[in-house]
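For reference, the structure is listed below as structure tokens.
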Amino acid sequence: MKQRRFVQKNQATFTHFVSVPLILQPTQGKLQKLMEDIHKKYNYDQSMNQNNPFLFHITISMLGLSNQEKINKAKQIFIDNEQTIKNYLKNSSIRLKGLGCFQNRVNQQNKYYKRGPYEDLNIIYLNVDETSLLPVSDFIIRQFLQAEIFDSDDLKSMNLIMDQQSKMFRAEKFHITLFRLKDCKINFQQLFDEYKDYEFGDAPIKYFDISTRWQYDKDKFYQPLARILVD
């Protein structure tokens, strides 16, 4: 399948993101236990930081709402399309299976550096089956495009792909971050040999948010700019 990829933008320019929060039990507790079991079993060093269990989520799209007009437009899109979004997600669940990872970017200085597939990592995540999320992802991204919340620079630099076969917009990789790593020299081959096909199970979809970066609500999750209760 051919895919079109947009180059990632500097994360500092993003103020919000569309997300599927995974903050209810038993999903949150199971994700936290998975992190703790991995960390305890392999006794990794302090360069491997566990994600905050109150912040588990799946990112649909980053947003740069740089002014009040864009904030109001984004909120209005959620209001106007609440029932449509509910119809996409009602009675849906997400299959979670196997670990994946993102490696650090190779810059010009170390572009000839040889590394294995499980070395020089910056994120270890749980894989998310895209089946339940792809239609709503495409729908909401197109709504933002139509409302001109994305300018041309945003569109080119957002971490999105378009599947040429389906003509649907989506995140490059739907995932749940478990660990963030910094200057980590560990080779994680053994971990991925064991957990690459790990069956976590299904997680229900209860909320669909515009989440605010760096701000938190009473439940210690990202402060919702807008939230749709799916059922």
Side-chain angles (χ1 to χ4, degrees), residues 1-12 14 17 19-20 22 27-28 30-53 55-62 94-134 137 156-166 168-203:
M1 178 186 297
K2 292 184 178 179
Q3 295 174 329
R4 181 181 177 187
R5 177 174 175 176
F6 299 109
V7 180
Q8 189 173 13
K9 192 174 188 178
N10 184 337
Q11 290 288 303
F14 295 124
F17 57 97
S19 74
V20 176
L22 298 172
T27 302
Q28 184 190 60
K30 288 176 63 179
L31 287 168
Q32 183 174 5
K33 185 177 186 303
L34 174 61
M35 283 194 312
E36 292 172 348
D37 287 350
I38 290 172
H39 206 273
K40 182 178 180 180
K41 182 173 184 177
Y42 287 93
N43 195 27
Y44 289 131
D45 62 26
Q46 293 184 352
S47 64
M48 184 178 179
N49 298 309
Q50 297 181 48
N51 195 11
N52 184 334
L55 301 180
F56 287 132
H57 69 277
I58 302 165
T59 298
I60 303 298
S61 174
M62 300 302 294
I94 309 164
R95 188 185 181 203
L96 308 177
K97 178 181 178 180
L99 296 189
C101 60
F102 295 131
Q103 291 181 298
N104 288 303
R105 292 188 172 198
V106 177
N107 57 37
Q108 285 299 111
Q109 286 70 38
N110 63 4
K111 64 181 179 180
Y112 299 112
Y113 167 64
K114 301 296 183 183
R115 61 183 181 180
Y118 304 118
E119 296 179 291
D120 193 27
L121 306 186
N122 64 6
I123 286 179
I124 296 174
Y125 59 77
L126 187 61
N127 285 305
V128 174
D129 186 288
E130 66 185 37
T131 305
S132 299
L133 297 179
L134 185 54
S137 170
K156 291 177 182 178
S157 60
M158 290 176 67
N159 200 22
L160 300 174
I161 60 174
M162 177 188 280
D163 292 335
Q164 293 302 312
Q165 182 175 346
S166 65
M168 286 187 174
F169 285 107
R170 49 159 289 180
E172 182 178 8
K173 178 64 182 177
F174 293 125
H175 67 280
I176 303 167
T177 297
L178 298 179
F179 299 97
R180 299 182 186 276
L181 303 97
K182 184 176 181 181
D183 300 324
C184 187
K185 308 303 181 185
I186 297 171
N187 186 322
F188 291 94
Q189 182 72 55
Q190 185 179 358
L191 170 65
F192 282 91
D193 284 346
E194 179 174 356
Y195 283 93
K196 64 181 179 181
D197 295 320
Y198 173 78
E199 288 280 2
F200 182 90
D202 292 344

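Position 1 is the first residue of the sequence; numbering continues from there.
- Contacts of Ala171 classified as side chain to side chain contact (heavy atoms under 4.5 Å, CB included), with partners at least two apart in sequence or in another chain: Phe174.
- Note that SG of Cys101 and CG of Leu178 are 12.0 Å apart. Values are rounded to the nearest 0.5 Å.
- Ion pairing between a basic and an acidic side chain is recognised when a charged N comes within 4.0 Å of a carboxylate O; Lys173 and Glu130 show no such pairing.
- The CG atom of Asn104 sits 9.5 Å away from the SG atom of Cys184 when rounded to the nearest 0.5 Å.
- Side chains of Leu99 and Leu126 form a contact here, defined as non-hydrogen atoms less than 4.5 Å apart.
- Checked against ring-ring contact (aromatic ring centres under 6.0 Å, His included), Phe200 has no partners two or more places apart in sequence or in another chain.
- Remark: Phe188 engages Tyr44 in a ring-ring contact (aromatic ring centres under 6.0 Å, His included) (not counting sequence neighbours).
- The distance from atom CD of Gln28 to atom CG of Leu55, rounded to the nearest 0.5 Å, is 9.0 Å.
- Counting only residues at least two apart or in different chains, salt bridge (Lys or Arg N to Asp or Glu O under 4.0 Å) contacts with residues 176-196 comprise Lys41-Glu194.
- The side-chain heavy atoms of Lys97 and Asn127, taken from C-beta on, include no pair separated by under 4.5 Å.
- Leu133 has its side chain out of reach of Arg170: every pair of non-hydrogen atoms, C-beta onward, lies at least 4.5 Å apart.
- The minimum heavy-atom distance linking Ser19 with His57 is given by the pair CB-CD2, 4.1 Å.
- Take Asp37 and apply the side chain to side chain contact (heavy atoms under 4.5 Å, CB included) test, not counting sequence neighbours, and it matches Lys33.
- Taking CD1 of Ile176 as the start and OH of Tyr125 as the end, the distance is 12.0 Å to the nearest 0.5 Å.
- Partners of Thr131 under the side chain to side chain contact (heavy atoms under 4.5 Å, CB included) rule, at least two apart in sequence or in another chain, are Asp129.
- Using cut-offs of 30° and 60° for the angle between ring planes, the Phe192 and Tyr118 rings count as parallel.
- Checked against Ile124 for a side chain to side chain contact (heavy atoms under 4.5 Å, CB included), the options Asn51, Thr177, Leu191, Ile38 give a single hit: Leu191.
- Val128 is listed as a side-chain neighbour of Leu96, based on a closest heavy-atom distance under 4.5 Å.
- Within the model, atoms CD1 of Ile123 and CG of Asn49 stand 11.5 Å from one another, a figure rounded to the nearest 0.5 Å.
- The backbone N or O of Gln32 sits nowhere less than 3.5 Å from a side-chain atom of Gln50 that would complete a donor-acceptor pair.
- Contact detail for Met35 and Phe179: the closest heavy-atom pair is O-CZ, 3.4 Å.
- In this structure, Leu22 CG and Thr27 OG1 are separated by 6.5 Å, a value rounded to the nearest 0.5 Å.
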